[in-house]
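Here is the structure we will look at, set down as C-alpha cells.
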Amino acid sequence: MGKWLVTGQERVAQMLRGAIERNRVAHAYLLIGHSGCGKTATARNFAQALNCERAAPPCQECRSCLRIAHGEDFDVREIDVGEKHQQIHIDQVREIERRVSLKATSSKYKITIVPRAELFSREAADALLKILEEPPPRTIMILGARTIESVPETLASRCIQIRMTVPAKNAIAGLLSQGGPVAESDRNLILDYAEGRPRWAVEMAADPELLEDFKQRLMALEERLSGDATSKLGMAYEIGSQRKAALEELELLAGYHGVVARARVAESIGGGPETERQFYEKWAANLNTIRAGINALSANTMVASTLDDLFLDLDEIPGAGPAAP
C-alpha cells in the first residue's frame with residue numbers, strides 16, 4: 001500500500017494511488033485547500049509514489065523517496081515565491097520550462113510542484129499555460145491553491161482538480177501526541193487555531209519561539225480590533241505591502257474570528273437575545289469581509305489599499321472576550 005505521510009488526506013492519497021495503479025496519471029493536477037491542510041505534503045508523497053524504486057510506493061526508504069523528501073532530487077522541484085517577491089514571476093516559469101525539457105536523470109517522471117499557484121503573475125501564468133498545453137513526455141505538474149477562483153481559469157481547466165479534505169481536530173491531536181511534550185494550555189491553543197492544518201500545528205508544537213511569537217500576534221490583534229479607525233489602519237500599516245505576509249495575516253484574522261465564535265457557542269454569550277444576535281451578525285459580517293479580502297489579494301489587487309478598506313470595515317464584536325492567553 002505504501003507509506004503516504006499525509007494526515008487527514010487518506011481519501012486524496014487513495015485517489016492518486018489508484019491513478020498510478022491503473023496507469024492513468026495525468027500531466028497536471030491542481031490541489032485545492034486552505035494553507036497548511038497538506039497540499040504540499042500530498043504533492044511530495046505523490047512524487048515519491050511516482051518515482052519510488054520499490055514495489056509498494058512510496059516506501060519512504062529508497063534513494064528516490066529520500067531525495068524527494070529532502071528536496072535533493074534533480075527531477076522533482078518545488079517552485080515558490082522568493083523572499084523579495086510577491087508573485088511567482090516569469091523567470092521561474094522559464095526555469096521550469098528549461099528543466100522539464102531535459103531528460104530525467106534516473107527517475108521515471110520529471111515533476112514540478114507549485115504550492116502557491118494563486119501567486120502566479122499574469123505573464124508567468126501565460127508562460128506556464130504553454131507547458132500545460134504541450135507537456136513534454138513523462139512530465140507532471142502539481143499545483144496547489146487555496147481556492148479554484150484564485151487560479152487563472154486557463155490553468156485550472158487544464159488540470160485534474162482535487163479538493164483536499166479538512167483534517168479533523170482529533171487527527172491533528174493524534175499527530176501532536178507523537179511529538180515532544182507540550183503544555184496543556186499550549187496544546188489547546190494550537191488545536192483551536194490549527195483549523196485543519198496539521199503542518200502548522202506540528203511546527204507550532206515543535207518550536208517554543210514560534211509559538212510565543214504567535215501568542216504575541218494574537219494579543220496585538222485583539223488590541224487593534226478593539227481600537228478606533230486609527231488603530232485598525234495601524235494594523236494594515238504593520239502588515240506592510242508584501243502579499244504573502246498579508247494573506248497569512250488575514251488567515252490568522254479569520255481563524256481568530258472562528259475561535260471566538262466557537263468559544264461563545266460553548267460558553268454562552270450572556271447578556272440576553274439582543275446581545276447574542278448582535279454578536280453573530282457582526283461576526284458573520286467580519287468573516288465575510290475578511291474572506292473577500294483574501295480573495296481580492298489572491299486576485300492580485302493592490303495590497304495596501306485592500307488592507308486599509310478591509311480593516312476599516314471590521315466591527316468590534318460585542319461579547320467577544322480574549323481568544324489568546
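Residue numbers count from 1 along this sequence.
- Side-chain contact between Ser121 and Ile88 is absent, with no heavy-atom pair separated by less than 4.5 Å.
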Which side-chain N or O atoms in residues 24-32 pair as donor and acceptor under 3.5 Å with protein atoms at least two apart or in another chain?
{"from": "His27", "atom 1": "NE2", "to": "Leu132", "atom 2": "O", "distance (Å)": "3.1"}
{"from": "Tyr29", "atom 1": "OH", "to": "Ala26", "atom 2": "N", "distance (Å)": "2.9"}

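- Residues forming a side chain to side chain donor-acceptor pair (under 3.5 Å) with Asp91 (at least two apart in sequence, or on another chain): Arg94.
- Remark: Glu10 pairs with no residue by the salt bridge (Lys or Arg N to Asp or Glu O under 4.0 Å) rule, at least two apart or across chains.
- Sorted by first and then second residue, the salt bridge (charged side-chain N to carboxylate O under 4.0 Å, His left out) pairs involving residues 157-168 (not counting sequence neighbours) are Glu133-Arg158.
- Listed by chain and residue number, Arg11 satisfy the side chain to side chain donor-acceptor pair (under 3.5 Å) test with Thr165 (two or more places apart in sequence, or in another chain).
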Just list the side-chain donor-acceptor pairs under 3.5 Å for residues 200-211, sequence neighbours left out, or say none.
{"from": "Asp207", "atom 1": "OD1", "to": "Glu209", "atom 2": "N", "distance (Å)": "3.1"}
{"from": "Asp207", "atom 1": "OD1", "to": "Leu210", "atom 2": "N", "distance (Å)": "3.1"}

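- Scored by the salt bridge (Lys or Arg N to Asp or Glu O under 4.0 Å) test, Glu78 finds Arg44 as partners (sequence neighbours excluded).
- Applying the salt bridge (Lys or Arg N to Asp or Glu O under 4.0 Å) rule to Lys169 yields the partners Asp192; only residues at least two apart in sequence or on another chain are considered.
- Among residue pairs with one or both ends in residues 26-40, none qualify as salt bridge (charged side-chain N to carboxylate O under 4.0 Å, His left out); sequence neighbours excluded.
- A salt bridge between Asp186 and Lys215 is present, with a side-chain N of the basic residue lying under 4.0 Å from a carboxylate O of the acidic one.
- Partner of Leu128 under the side-chain contact (heavy atoms from CB on, under 4.5 Å) criterion, out of Glu97, Met141, Gln92: Met141 alone.
- Salt bridge status for Glu251 with Arg291: present, with a side-chain N to carboxylate O gap under 4.0 Å.
- A distance of 12.5 Å separates CD1 in Ile111 from CZ in Arg99, rounded to the nearest 0.5 Å.
- Legend: residues meeting salt bridge (Lys or Arg N to Asp or Glu O under 4.0 Å) with Arg77, ordered by chain and number and at least two apart, are absent.
- Every residue two or more places apart in sequence or in another chain that forms a side chain to side chain donor-acceptor pair (under 3.5 Å) with Glu95 is listed here: Arg98.
- Other residues sharing the hydrophobic cluster of Phe74, ordered by chain and number and joined by side-chain separations under 4.5 Å: Leu102.
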Please assess Leu119 against Leu247 for the test side chain to side chain contact (heavy atoms under 4.5 Å, CB included), listing each intermediate value before the final yes or no.
-> CA-CA 11 Å; Leu119 297 181; Leu247 284 167; 4.1 Å; yes

